[in-house]
A.B. asks: 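Below is a structure I'd like to ask you about.
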Amino acid sequence: MGVRYSWLDAPASAVADTAKTLLGWRLSANGVAVRLTEVEAYSGLGADPASHAHRGPTNRNQVMFGPAGFLYVYQIYGMHLCANVVCGSPGEAAAVLLRAGAVVDGLETARQRRPAARTAHDLAAGPAKLMQVLALDRSANGTSVVDGTGPATLTPPPDGEKVGDIVAGPRVGVTAAHDVPWRFWIAGDPAVSSYRRHTRRRR
DNA sequence: TATTCGATCCAT
DNA sequence: TGGATCGAATAC
């Protein structure tokens, strides 16, 4: 059932293109919808040292090794959640991290969920902020975003909407593969996360 | 079993 | 710039 999207079937080697394709798409959940403004691509097993999947399947990353169109949700820094959409064929373990979005529906609800946000474009300008605005928790891990069975749904941009120019740069926060420009965002969009190079923790 | 440290956010 | 905070991954 549900809608089939072409990016679901793209091979893991094309995950960077897949990531770019997702810019401008809508992700809606629990009464709030965002337009995706920033994403990052992670390729699969072995190929990408920055990927959670590059050392093989573990309890945490197992949904990355499943079929495309499902959410891989993980906790980071002991307190934040981030979500990826799995791409490619089962076993390829490619994924796109959803890094930021602009709230396009449910603005009041979004503001209530993120009182720390000072401006509208900061409501979902980061991967953990996005999760908070959409009220998604770790129970969303392993659910589909394309067949309506999960809490979140991904849909294409409205007909005629221009996505705008896409810019590429290094991925945020990762300690490996700093030179791989697999972060993509919509040029000039205010609702993107701020980049800070990974700072190693002092001892 | 013990230790390390992160695909972050926020206040300073 | 650093602190919060905890579980997955790695070291032992």
Side-chain angles (χ1 to χ4, degrees), chain A residues 12 15-16 18-20 22-23 27 32 34 36-65 70-88 92-103 110-142 145 152 167-185 190-203:
Chain A
V15 65
T18 299
K20 284 185 265 190
L22 287 177
L23 290 173
L27 185 67
V32 171
V34 302
L36 295 176
T37 55
E38 179 184 342
V39 295
E40 280 177 3
Y42 289 87
S43 73
L45 184 59
D48 183 2
S51 169
H52 286 177
H54 88 281
R55 290 176 197 272
T58 66
N59 186 58
R60 176 174 69 154
N61 67 19
Q62 58 171 333
V63 344
M64 290 184 75
F65 289 83
F70 287 78
L71 286 180
Y72 162 49
V73 176
Y74 68 95
Q75 186 187 35
I76 190 66
Y77 298 110
M79 63 189 90
H80 298 299
L81 296 173
C82 302
N84 297 246
V85 177
V86 177
C87 302
E92 290 188 321
V96 174
L97 171 67
L98 306 176
R99 283 202 55 88
V103 174
R111 284 191 180 281
Q112 287 169 14
R113 289 176 181 163
R114 288 216 67 244
R118 296 193 175 181
T119 62
H121 60 250
D122 186 46
L123 284 168
K129 298 174 183 177
L130 196 60
M131 295 297 277
Q132 210 175 321
V133 153
L134 296 174
L136 294 171
D137 59 23
R138 69 187 77 201
S139 70
N141 187 48
V145 289
V167 191
R171 292 172 292 187
V172 178
V174 301
T175 53
H178 278 283
D179 50 324
V180 179
W182 272 9
R183 171 189 179 225
F184 304 103
W185 66 98
V192 300
S193 70
S194 51
Y195 177 77
R196 187 169 20 160
R197 191 177 157 279
H198 182 261
T199 55
R200 183 157 277 171
R201 183 195 183 94
R202 275 194 60 82
R203 128 177 52 178

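Residue numbering restarts at 1 for every chain, and letters A, B, ... go by the order of the sequence lines.
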A.B. asks: Assign A/Arg183 to base, sugar-phosphate, or nothing according to its heavy-atom contacts below 4.0 angstrom with the strands shown.
C.D. replies: nothing
A.B. asks: Given B/dA7, is OP1 or OP2 found less than 4.0 Å from the side-chain N or O atoms of A/Arg99?
C.D. replies: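 False: A/Arg99 side-chain N/O out of range (4.0 Å or more) of B/dA7 OP1/OP2.
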A.B. asks: Using a cut-off of 4.0 Å on non-hydrogen atoms, how would the nucleic acid contact of A/Asn84 be classed: base, sugar-phosphate, or nothing?
C.D. replies: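 The residue A/Asn84 makes base contact.
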A.B. asks: Say whether, by atom type as modelled, one donor and one acceptor occur between the side chain of A/Glu40 and the main chain of A/Val172 under 3.5 angstrom.
C.D. replies: yes
A.B. asks: Rounded to the nearest angstrom, tell me the gap between atom CE in A/Met79 and atom P in B/dC9.
C.D. replies: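 Those two atoms, CE and P, are 11 Å apart.
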A.B. asks: Okay, side chain of A/Asp122, backbone of A/Thr119: is any donor-acceptor separation there less than 3.5 Å?
C.D. replies: no
A.B. asks: Find the distance A/Gln75:CD to B/dC9:C1' and express it as a whole number of Å.
C.D. replies: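 Those two atoms, CD and C1', are 14 Å apart.
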A.B. asks: Which one, C/dT10, C/dA9, B/dA7, comes nearest to the side chain of A/Val174?
C.D. replies: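 Nearest nucleotide to the side chain: B/dA7.
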A.B. asks: Under a 3.5 Å distance rule, please check whether A/Arg171 uses its side chain to pair with a backbone N or O of A/Ala41 as donor and acceptor.
C.D. replies: yes
A.B. asks: So, A/Asp48 side chain and A/Ala50 main chain: donor-acceptor pair closer than 3.5 Å or not?
C.D. replies: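 Confirmed, A/Asp48 side chain pairs with A/Ala50 backbone.
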A.B. asks: Distance check: side-chain N/O of A/Arg118 vs OP1/OP2 of B/dC10, anything under 4.0 Å?
C.D. replies: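 Looking at the OP1 and OP2 atoms of B/dC10, neither is under 4.0 Å from any side-chain N or O of A/Arg118.
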A.B. asks: Can you tell me the distance, in whole Å, between the CD1 atom of A/Ile76 and the P atom of C/dC6?
C.D. replies: 14 Å
A.B. asks: It should be established whether A/Arg114 places a side-chain nitrogen or oxygen under 4.0 Å from OP1 or OP2 of nucleotide B/dC10.
C.D. replies: yes
A.B. asks: Using a 4.0 Å heavy-atom cut-off, does A/Glu40 contact any base of the nucleic acid, only the sugar-phosphate backbone, or nothing at all?
C.D. replies: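 The residue A/Glu40 makes no contact with any strand.
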A.B. asks: Could you give the CD-to-C1' distance, from A/Gln62 to C/dA8, as a whole number of Å?
C.D. replies: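 Nearest whole value for this atom pair: 13 Å.
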A.B. asks: Compare the minimum distances between each of C/dA9, B/dC10, C/dT10 and the side chain of A/Arg55, then state the nucleotide with the smallest one.
C.D. replies: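 Among C/dA9, B/dC10, C/dT10, the one nearest the side chain of A/Arg55 is C/dT10.
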A.B. asks: Please indicate yes or no: is the ring centre of A/Tyr42 less than 5.5 Å from the centre of the six-membered base ring of B/dA7, with the two planes inclined by under 30 degrees?
C.D. replies: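 Yes, A/Tyr42 stacks on the base of B/dA7.
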A.B. asks: Would a 4.5 Å heavy-atom cut-off, applied to side chains only, mark A/Ser193 and A/Trp185 as touching?
C.D. replies: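 A/Ser193 vs A/Trp185: side chains apart.
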A.B. asks: Using both pair distances under 3.5 Å as the test, note the stems of at least 3 consecutive Watson-Crick or G-U pairs that include DNA chain B.
C.D. replies: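 Ordered by first number, the stems with DNA chain B (at least 3 consecutive pairs each) read B:1-6 with C:6-11, B:8-11 with C:1-4.
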A.B. asks: Given the P atoms of C/dT5 and B/dA2, what is the spacing between them in whole Å?
C.D. replies: 23 Å
A.B. asks: Expressed in whole Å, how much space separates the P atoms belonging to B/dA7 and C/dA11?
C.D. replies: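 Looking at atom P only, B/dA7 and C/dA11 are 16 Å apart.
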A.B. asks: For A/Gly44, does its backbone N or O pair with a side-chain atom of A/Ser51 as donor and acceptor, under 3.5 Å?
C.D. replies: no
A.B. asks: What is the distance, to the nearest angstrom, from the CG atom on A/Asp122 to the P atom on B/dC9?
C.D. replies: 9 Å
A.B. asks: Taking for each residue the nucleotide of DNA chain C bearing the nearest heavy atom, is the 5' side occupied by A/Gly78 or by A/Asn61?
C.D. replies: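 Comparing both residues, the 5'-ward one is A/Gly78.
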A.B. asks: Does a side-chain N or O of A/His52 approach OP1 or OP2 of B/dA7 to a distance below 4.0 Å, or not?
C.D. replies: yes
A.B. asks: Between the base of B/dA7 and the side chain of A/Tyr74, is there a donor-acceptor distance below 3.5 Å?
C.D. replies: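 When only heavy-atom distances are counted, A/Tyr74 does reach the base of B/dA7 through a donor-acceptor pair under 3.5 Å.
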A.B. asks: Under 3.5 Å, side chain of A/Arg114 to main-chain N/O of A/Val133, donor-acceptor pair present?
C.D. replies: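 Not at all, since once roles are kept as given, no pair shorter than 3.5 Å links the two residues.
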A.B. asks: Figure out the CG/P separation between A/Asn59 and C/dT10, and round it to whole Å.
C.D. replies: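 Distance, rounded to whole Å: 14 Å.
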A.B. asks: Rounded to the nearest angstrom, tell me the gap between atom CG in A/Asn141 and atom P in C/dG7.
C.D. replies: 15 Å
A.B. asks: May I ask you to say what A/Arg171 touches in the nucleic acid, namely base, sugar-phosphate or nothing, with a heavy-atom cut-off under 4.0 Å?
C.D. replies: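 Nothing, no nucleic acid heavy atom in range.
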A.B. asks: So, the side chain of A/Asn61 versus the backbone of A/His52: is there a donor-acceptor pair under 3.5 Å, distance only?
C.D. replies: yes
A.B. asks: Is a side-chain N or O of A/Gln132 found less than 3.5 angstrom from the main chain of A/Arg113, in a donor-acceptor match?
C.D. replies: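 Such a contact is found between A/Gln132 side chain and A/Arg113 backbone.
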A.B. asks: Roughly how many Å is it from CG in A/Leu123 to C1' in B/dC9, rounded to a whole number?
C.D. replies: 14 Å
A.B. asks: Tell me what A/Thr58 touches on the nucleic acid: a base, only sugar-phosphate, or nothing, going by heavy atoms under 4.0 Å.
C.D. replies: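 A/Thr58: backbone/sugar contact only, no base atoms under 4.0 Å.
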